[in-house]
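Note sheet for the following structure.
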Amino acid sequence: MVSGPGSMSGTSSSEARDAPRIGLFVTCLVDFFRPSVGFAAVRLLEQAGCAVEVPAAQTCCGQPAYNSGDRADSKAIARDVIAAFEGFDYVVAPSGSCAGMLSHHYPELFADEPEWERRARDLARRSFELVAFLVDVRGMQAVADAAYAGRVTYHDGCSGLRELKVKRQPRALLSSVAGLELTELPGAEVCCGFGGTFCVKYPEISNRMVEEKAADIVGTGADTLLAGDLGCLLNMAGKLKRQGAPVRVRHVAEVLAGMTDTPAIGDTPEP
Amino acid sequence: MQPTSHAFVENAHRALNDAQLHAALGHMKAGFQDKRAATIARMPEFEDLRDQGRAIKNHTLAHLDAYLERFEAKVTETGGRVHWAPTPAEARDAILKICQAAGARTVTKGKSMIAEEIALNEHLAANGIEPIETDLGEYIIQLRGELPSHIIAPAIHLVKEQVAESFYAHHTELDPKRPLDDARALTDEARAMLRQRFLAADVGITGANFLIAETGSTVIVTNEGNGDLTQNLPRIHIVIASIEKVVPTLEDSATILRLLARSATGQEYSAYTTFSTGPKRPGDLDGPDEFHVVILDNGRSALLGTPAQETLRCIRCGACMNHCPIYASVGGHAYGWVIPGPIGAAINPGLIGLEEAGHLPNASTFCGRCESVCPMRIPLPSIMRHWRERQHERKLSPGTVRAGLGLWAWAARRPRLYRFGTRLAAALLGRLGRRRGRLKRLPLAGGWTDWRDLPAPEGRTFQQHWAARRSGAGR
């Protein structure tokens, strides 16, 4: 059997042989904006006893096309993703939105193509959001050695929350981070206004939504905002930084992996 | 009514800059969301009830013709009359004819979104018949010459100071110095003004929450009792409803009623739930002499058999808009037609056309909160996506957007090329934002940077780092 998180420090050959093979779905935003989130995901998965691989043939899950009504392109991209991630025990993404696309929407996309639907369902069955995977599948109950001195609040990304029921898992792991104090965010389940292309198609409405979100965040008195989706994080960080609010913004994986030496999202690097 | 949904962006801009509207919409969380959550927390079977409600409506929609015909037969049997109206014009004419035959001068009206849909008030007024709205919210907006901005709280876009202004301006027979600074005073005044109108009306028109095929009954729910006065005092009662309001049995309506008020206002039941079956019978103490039901289609039957059919399960509770962050930002008028919010975005393209209503299903982040509270489990985001797909197919979305998307999708299917492009762009943007860690301005990205900073990329892509690590040449 695979090694549990309790014995995750060991990397003996037998454990490495039994470790589940994970295909990391990096996500286009992490790849482009914040590779450190990807490395945090790799570290967490390795701590949970997994062997992580990153297929080079991945680009994006196709949501921009799917949510713009471009079904043909969404299916074409989905076929590439399905093919690239065939054979892995699990496919894990540091994003509820992308994981939701793989696990909920790909099978819908191929409802009229039985062979691809079968392959899509097979991928869907193996696909998980990172933190939910660590807790629900790998049984992780506490982080390995992360510490974070700060008062943290957490925003629940919509797809992770409502499609994948990611809610208690990040809180459970955050509660094990030494020095971290979690303050719940009022309206944590309300959308931040990102919504993929929505934020640039209807920027004025998106702005109102993220303004309200920023006010709630600042109102908690927290010095750090965490979430599990980089789209939401870029949006909220962008607004907080524009307002000059003294809140650091990070992906939850960075804190859980103890990788917080990089500047926070949108923050000025230390000289 | 004439839709202005095509001008959604301008409507929204106006709404976002309206401080009074912002203040009024700020009451929605405590007024609706918290109350709904508290009621549902006390009802362990709520999720099962949602399944039952969905099953009842799905069954009914699968046999809609049969249940509508059964409803008509029962109405006829109990001495009433059903009028079929494929279009708004036919519905308006049917109602006008009944009013004219009765020599009506004034008509009282209970709240009805279908009456709004067919622009009934304008039609009656143009024909010399005065329509009087008796629901408090509808009464207020009628005085102000406005349209409802919410399906169960038509005046939710107003603060009470605006209501007081309207009462001072219209109730000129009252003391201009009277105090109208609290909700109680406003309600009392509206009640006093309406009492005479109830007694004088020749015809009463109400909507219907349900049409019950088994008995030929119509059902309304209200909290003010105005519906009962509207339908019981005048000689003639006209019910206006759309085809999807029919349910097979009394039992079915009871099941869905358990969902309705809880989802809408967080009440277990609304103050009044009134069943009407036919005109007054010999020996009845009250009730109308004539009972008419006007049943409107207006494009709904064309949605049957399409993904948008699921919108016909809607029971008009308003939960989707009460929980929608877009609705909370722009209010109901911005949507530009009778039904605002997520259900409007899902159904209006089917009723007024995708050319007119195209913005509505696009103005959503697909956050899914609407679907999560819909008592009828209508998959609202999926239906909005369905309309986006029809827009894409029909090339109704902007050409630049389609071209940009096409180019992006083309690149996304070529991982090597994609990696090359993202490497260059990440390096460039990373360099531009290196000093501050973010960009204040970026050409062609004004949709983002006009409103918020763009956090700068770290500079190298994950794939770059990973390839380097794999080849042992770095991290």
Side-chain angles (χ1 to χ4, degrees), chain A residues 26 28 30-36 38-39 54 56-60 62 64-71 73 76-77 80 108 158-159 162-163 189-191 193-196 198-210 212 234-235 237-239 241-242 262-263 265-269, chain B residues 9 12-13 16 325-326 329-330 362-369 371-372 382 385 387-393 397 401-402 405-406 408-409 411-413 415 418-419 422 425-426 434-438 440 445-448 450-458 460-467:
Chain A
V26 180
C28 58
V30 166
D31 179 55
F32 185 79
F33 280 98
R34 205 157 171 85
S36 44
F39 285 103
V54 182
Q58 60 178 303
T59 57
C60 168
Y66 183 53
N67 289 339
S68 300
D70 180 355
R71 213 176 168 86
D73 277 328
I77 294 169
D80 292 346
E108 289 168 18
C158 296
S159 302
R162 280 181 270 270
E163 288 180 349
E189 299 189 355
V190 179
C191 179
F194 173 65
F198 171 86
C199 70
V200 289
K201 277 199 301 191
Y202 298 94
E204 210 177 350
I205 302 174
S206 170
N207 177 58
R208 170 60 56 83
M209 292 163 72
V210 73
E212 309 246 329
L234 292 169
N235 184 40
K239 181 45 94 177
K241 298 301 140 186
R242 176 67 56 99
T262 52
I265 297 170
D267 273 1
T268 308
Chain B
V9 172
H13 174 77
L16 287 163
I326 315 286
S329 299
V330 301
N362 281 284
S364 164
T365 62
F366 286 161
C367 81
R369 208 168 174 218
E371 181 176 358
S372 76
S382 301
R385 191 182 291 105
W387 291 120
R388 295 185 192 186
E389 288 173 357
R390 301 294 82 73
Q391 275 177 314
H392 186 82
E393 280 169 10
S397 43
V401 171
R402 282 204 314 282
L405 197 68
W408 168 84
R413 298 213 52 213
Y418 181 92
R419 281 201 300 278
T422 49
R434 190 174 46 183
R435 205 172 51 80
R436 307 182 59 99
R438 54 188 181 268
K440 295 245 169 240
W448 186 284
D450 286 350
W451 306 96
R452 62 222 126 183
D453 290 353
L454 180 66
E458 289 174 1
R460 299 178 79 197
T461 65
F462 181 87
Q463 292 284 7
Q464 254 179 301
H465 283 295
W466 189 259

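This one's a predicted model, so the numbers in the text were calculated from it and none came from an experiment. A, B, ... follow the sequence lines: proteins, then strands. Residue 1 opens every chain.
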For [X], is it the side chain, the backbone, both, or neither that has a heavy atom closer than 4.5 Å to a heavy atom of chain B?
X      : answer
A/E212 : side chain
A/D80  : side chain
A/F33  : both
A/S159 : neither
A/V26  : side chain

Rounded to the nearest 0.5 Å, how far apart are SG of A/C60 and OH of B/Y418?
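Those atoms lie 6.0 Å apart.
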Between [X] (side chain) and [Y] (backbone), is there a donor-acceptor pair under 3.5 Å?
X      : Y      : value
A/R162 : B/C367 : yes
A/T59  : B/A412 : yes
A/K239 : B/W451 : yes
B/R388 : A/G69  : no
A/R71  : B/E393 : no
A/R208 : B/I326 : no

When you compare the side chains of A/N207 and B/R452, does any donor N or O come within less than 3.5 Å of an acceptor on the partner?
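There is no such pair (donor and acceptor under 3.5 Å, judged by atom type) between the side chains of A/N207 and B/R452.
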With distance as the sole criterion, is a donor-acceptor pair present between the side chains of A/S36 and B/E458 under 3.5 Å?
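Judged by distance alone, the side chains do pair up.
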Chain B contacts, top residue of A/P203, A/P263, A/G195 (heavy-atom pairs, under 4.5 Å):
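Heavy-atom pairs under 4.5 Å are most numerous for A/P203.
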Is there side-chain contact between B/W466 and A/D31, with heavy atoms separated by less than 4.5 Å?
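No, their side chains stay 4.5 Å or more apart.
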